[in-house]
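Counting begins at 1 with the first residue of the sequence.
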Amino acid sequence: MIKSMTGYGRGEVEENNRKFVIELKSVNNRYLDVNIRLPKQLLALEDNIRKYISSKISRGKVDVFINQEKFADNDIKISLDEKVAQYYYNVFMQLKEKFNLSEEIGLSLFTKFSDIIIVEKNEEDYESIWETMKKALDQALSVFIDMRIREGLKLKQDILEKCNIISQKVDEIERRSPMVVEEYKEKIRERISEFLKDVEVDETRLLNEVAFFADKVNINEEIIRLKSHIEQLKNTLESEEAVGRKLDFLLQEMNRETNTIGSKANDLVISNLVIDIKSELEKIREQIQNIE
């Protein structure tokens, strides 16, 4: 199933006196790039989060925002470093005496120094924390992936429409191609007759010249390969796997065959059709850049 690399999802779970709010958003990227922002006390779970997301998503730049809004009683341990507090107090008293300060040394002053009051996470609870967090992550991923699928369906429909336009243009080129040789043959005959009015045309030499031209401008193989690539692209759009890179490769091959047709055909009508095809291919290329 085609998925866009653009998506957003939010999950919120409250369980066992803990509450997690998780948001995911992504844009297109050549590879999978997961950026996780979570509270410092949960950094030990970053690898779990990254691996879990990587098992669900294969491409895109994904930003993950994790907030823990409610904590269980045993999640956090807060303690006082009395020695550090005493050192601060002694320094404050020295400053007060030295500069004859009148301000009182109060509790609010001590709270400004994070090394006095120590907040610790109980490591033995990481497993239960992860179980709750994963539920919020699953919820966010479900919404996130659904959005990518909906966007992917729109991309698929648009690409198929452009493939149909390209197929029509290729059919026109195929019908036009034999006419190029016939027109060249008549043009050569007219020129010979114009410059050598009283001389009979050497049909053997004329046919040799036309045969050489026909071989030079023959684009049958390119047309066959281009049609094959179009069918492969359509079939790939039906795949259940991540296909962005394969689609990109097929598009490069389609561009290559189209350019070869344009350079070999030596015909204004075909050249204009090639321009139309290249225009549609460029539109497809822009769409493919956002497919997982």
Self-check item: Validation row: I270, I219 side chains within 4.5 angstrom (heavy atoms)
Solution: yes
Show which side-chain atoms of residues 136-146 pair as donor or acceptor with protein atoms under 3.5 Å away, not counting sequence neighbours.
| from | atom 1 | to | atom 2 | distance (Å) |
| --- | --- | --- | --- | --- |
| D138 | OD1 | Y52 | OH | 2.4 |
| D138 | OD2 | Y52 | OH | 3.1 |
| Q139 | OE1 | E12 | N | 2.8 |

Quiz item: Going only through I, L, V, M, F, W and Y residues with side-chain contacts under 4.5 Å, is there a path from V84 to F92?
Solution: yes
Self-check item: Between CD1 on residue I230 and CG on residue L281, distance to nearest 0.5 Å
Solution: 8.0 Å
Quiz prompt | From N290 atom CG to R59 atom CZ, the distance as rounded to the nearest 0.5 Å | solution = 9.5 Å
Exercise. Output yes when a side-chain donor or acceptor of S279 lies under 3.5 Å from a complementary backbone atom of I275, and no otherwise.
Key: no
Self-check item: side-chain hydrogen bond (donor to acceptor under 3.5 Å, both in side chains) assessment of K169 paired with N272
Solution: CA-CA 10 Å; K169 301 295 181 182; N272 288 334; over 6 Å; no
Quiz prompt | CG-CD distance between D63 and E23, expressed to the nearest 0.5 angstrom | solution = 11.0 Å
Self-check item: Donor-acceptor contact present, side-chain D248 to main-chain G244, <3.5 Å
Solution: no
Quiz item: With sequence neighbours excluded, what pairs up with R245 under the salt bridge (charged side-chain N to carboxylate O under 4.0 Å, His left out) test?
Solution: none
Self-check item: Any residue meeting side-chain contact (heavy atoms from CB on, under 4.5 Å) with E15, in chain and number order, not counting sequence neighbours
Solution: V13, T132, K135
Self-check item: Steps toward side-chain hydrogen bond (donor to acceptor under 3.5 Å, both in side chains) verdict (E231, N235)
Solution: CA-CA 6 Å; E231 289 305 310; N235 291 336; 5.2 Å; no
Quiz item: With ILVMFWY side chains joined below 4.5 Å, transitively, what does M147's cluster contain besides itself?
Solution: Y8
Practice problem: Determine, using the 4.5 Å side-chain heavy-atom cutoff (strictly less than), whether M5 and I149 are members of one ILVMFWY cluster. | Solution: no
Self-check item: For E131, side-chain contact (heavy atoms from CB on, under 4.5 Å) partners two or more places apart
Solution: K134
Quiz item: Is D276 close to E280 at the side-chain level, that is, under 4.5 Å between some pair of heavy atoms?
Solution: no
Would you tabulate the side-chain donor-acceptor contacts of residues 152-161 under 3.5 Å, counting partners in other chains and residues two or more places apart, or write 'none'?
| from | atom 1 | to | atom 2 | distance (Å) |
| --- | --- | --- | --- | --- |
| K156 | NZ | E238 | OE1 | 3.0 |
| K156 | NZ | E238 | OE2 | 3.1 |
| D158 | OD1 | K162 | NZ | 2.9 |
| D158 | OD2 | K162 | NZ | 2.9 |
| D158 | OD2 | Q287 | NE2 | 2.7 |

Quiz prompt | Whichever hydrophobic residues join F65 through chains of side-chain contacts under 4.5 Å | solution = none
Exercise. Let me see the working for R18 and S128 under side-chain contact (heavy atoms from CB on, under 4.5 Å), right down to the final yes or no.
Key: CA-CA 10 Å; R18 299 186 181 101; S128 61; 3.5 Å; yes
Quiz item: Out of curiosity, does I117 fall in the hydrophobic cluster containing Y89 (side-chain heavy atoms, cut-off under 4.5 Å, transitive links)?
Solution: yes
Quiz item: Same cluster for L43 and I129 if Ile/Leu/Val/Met/Phe/Trp/Tyr side chains link at under 4.5 Å?
Solution: yes
Exercise. In plain terms, say whether E286 and K283 are close enough for a salt bridge, that is, a side-chain N and a carboxylate O under 4.0 Å apart.
Key: no
Quiz item: Under 3.5 Å, is there a donor-acceptor pair linking the side chains of Q168 and N164?
Solution: no
Quiz item: Which value, rounded to the nearest 0.5 Å, describes the distance between M254 atom CE and Q232 atom CD?
Solution: 10.0 Å
Quiz prompt | Residue pair N220, S177: steps toward the side-chain hydrogen bond (donor to acceptor under 3.5 Å, both in side chains) verdict | solution = CA-CA 8 Å; N220 289 339; S177 182; 4.7 Å; no
Quiz item: In chain order, what residues pass the side-chain contact (heavy atoms from CB on, under 4.5 Å) check against E14, with sequence neighbours excluded?
Solution: K19, K70
Practice problem: Flag yes if more than 12 heavy atoms outside E241 fall under 6.0 Å of its CD atom; otherwise flag no. | Solution: no
Self-check item: Side chains of V170 and I277 in contact at under 4.5 Å (non-hydrogen atoms)
Solution: yes
Self-check item: Beyond-backbone contact of I53 with K56, side-chain heavy atoms, under 4.5 angstrom
Solution: no
Practice problem: Would you sort out whether R148 and I57 count as a side-chain contact (heavy atoms from CB on, under 4.5 Å), showing the intermediate values? | Solution: CA-CA 10 Å; R148 283 162 67 108; I57 303 166; 3.4 Å; yes
Quiz prompt | Distance-minimising heavy-atom pair for E222 and I261 | solution = CB-CG1, 3.5 Å
Exercise. Considering non-hydrogen atoms only, spot the tightest contact between G262 and S271 and give its length.
Key: O-OG, 4.4 Å
Quiz item: Of all residues at least two apart in sequence or in a different chain, which pass the salt bridge (charged side-chain N to carboxylate O under 4.0 Å, His left out) check with K83?
Solution: none
Exercise. Assess whether side-chain contact (heavy atoms from CB on, under 4.5 Å) is satisfied between I173 and V274, documenting all intermediate values.
Key: CA-CA 8 Å; I173 290 174; V274 164; 4.3 Å; yes
Practice problem: First locate atom CG of L247, then atom CD1 of I288, and finally report the distance between them rounded to the nearest 0.5 Å. | Solution: 4.5 Å
Quiz item: Same cluster for V21 and L45 if Ile/Leu/Val/Met/Phe/Trp/Tyr side chains link at under 4.5 Å?
Solution: no
Quiz prompt | Charged N-O contact under 4.0 Å between K227 and E174 | solution = yes
Practice problem: Using a cut-off of 6.0 Å, state whether more than 12 heavy atoms not belonging to K234 lie near its atom NZ. | Solution: yes
Quiz item: Considering residues at least two apart in sequence or located in another chain, which fulfil the salt bridge (charged side-chain N to carboxylate O under 4.0 Å, His left out) criterion with E172?
Solution: none
Exercise. Quick one: list whatever passes side-chain contact (heavy atoms from CB on, under 4.5 Å) with S54, sequence neighbours left out.
Key: L32, R50
Quiz item: Out of curiosity, L251 CG to R285 CZ, how far, rounded to the nearest 0.5 Å?
Solution: 8.0 Å
Quiz prompt | Under the salt bridge (charged side-chain N to carboxylate O under 4.0 Å, His left out) test, residues paired with E253 that sit two or more places apart | solution = R256
